Every structure is written in structure tokens, then in C-alpha cells.
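To keep things clear, I will list the structure first and then write my remarks on it.
Residue numbers run from 1 in the order of the sequence given. Side-chain atoms are counted along with the backbone in the values below, which use heavy atoms only and exclude waters and symmetry mates. Since the structure is predicted, the reported quantities are computational estimates derived from the model, not experimental observations.
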Amino acid sequence: MKAAEIREYTQEELNRTLEDSRRELFNLRMQAQTGQLENTARIRLVRRDIARLLTEQGARSNVQSNA
């Protein structure tokens, strides 16, 4: 997921995607603990996606509070 894609999301899509990503990260961590995870790099990618989503959320809230 790229930052340019995230900027095009509506606030509702942003929240839903963030929730889905957090749920996916939880599931990946559980798979890693039980030895079922094959692609360990996926955890890192999901964490970065969550960071991008949170950054965009923060930027939007700063724009609203400054307006």
C-alpha cells in the first residue's frame, strides 16, 4: 500500500483499513507464535502499512484543527 493510495481514501475507508490491518497483524503474530507463519516479512509490511495509515490520520486531524 502506497501513501498516495492512502491519501485518496475517505475517512471511513481509512478507519476500516486501519482496523483490518491491525486484525491482520494480530493474526500474523499468532501464526508466528504457533509456528504456522511462512512469510515472516509480511509482519513488517503490515506494521508499515499501519504506520502509514496512522500518519495520514494524524495529518488530517492537524489540518482540521488548524482550519
- Got a second to check how far Asp49's CG is from Arg44's CZ, nearest 0.5 Å? 12.5 Å
- Enter the distance from Arg52:CZ to Glu5:CD here, rounded to the nearest 0.5 Å. 9.5 Å
- Item | Stepwise salt bridge (Lys or Arg N to Asp or Glu O under 4.0 Å) check, Glu19 with Arg23 | CA-CA 6 Å; Glu19 183 180 323; Arg23 191 173 300 122; 2.7 Å; yes
- Do you know which of Leu14, Ile6, Asn62 makes side-chain contact (heavy atoms from CB on, under 4.5 Å) with Gln57? Leu14
- Item | Interatomic distance, Arg60 atom CZ to Tyr9 atom OH [nearest 0.5 angstrom] | 10.5 Å
- Message: According to salt bridge (Lys or Arg N to Asp or Glu O under 4.0 Å), who are the partners of Glu24, at least two apart in sequence or on a separate chain?
- Response: Arg42
- Task: Working to the nearest 0.5 Å, report the span between CD of Glu8 and CD of Glu56.
- Result: 10.5 Å
Give the table of side-chain donor-acceptor pairs shorter than 3.5 Å for residues 28-38, with sequence neighbours excluded, one pair per line with atom names and distance.
from: Thr34; atom 1: OG1; to: Met30; atom 2: O; distance (Å): 3.1
from: Thr34; atom 1: OG1; to: Gln31; atom 2: O; distance (Å): 3.2

- Could you tell me which residues satisfy side-chain hydrogen bond (donor to acceptor under 3.5 Å, both in side chains) with Arg22, sequence neighbours excluded, listed by chain and number? none
- For the hydrophobic clusters of this structure (ILVMFWY residues joined by side-chain heavy atoms under 4.5 Å, transitively), does one cluster hold both Leu45 and Met1? no
- Message: Using a 6.0 Å cut-off, check whether atom CD of Glu12 has over 12 heavy atoms from anything other than its own residue.
- Response: no
- Task: Without swapping roles, check the side chain of Glu13 against the backbone of Thr10 for a donor-acceptor pair under 3.5 Å.
- Result: yes
- Roughly how far, to the nearest 0.5 Å, is CD1 of Ile50 from CG of Leu25? 4.5 Å
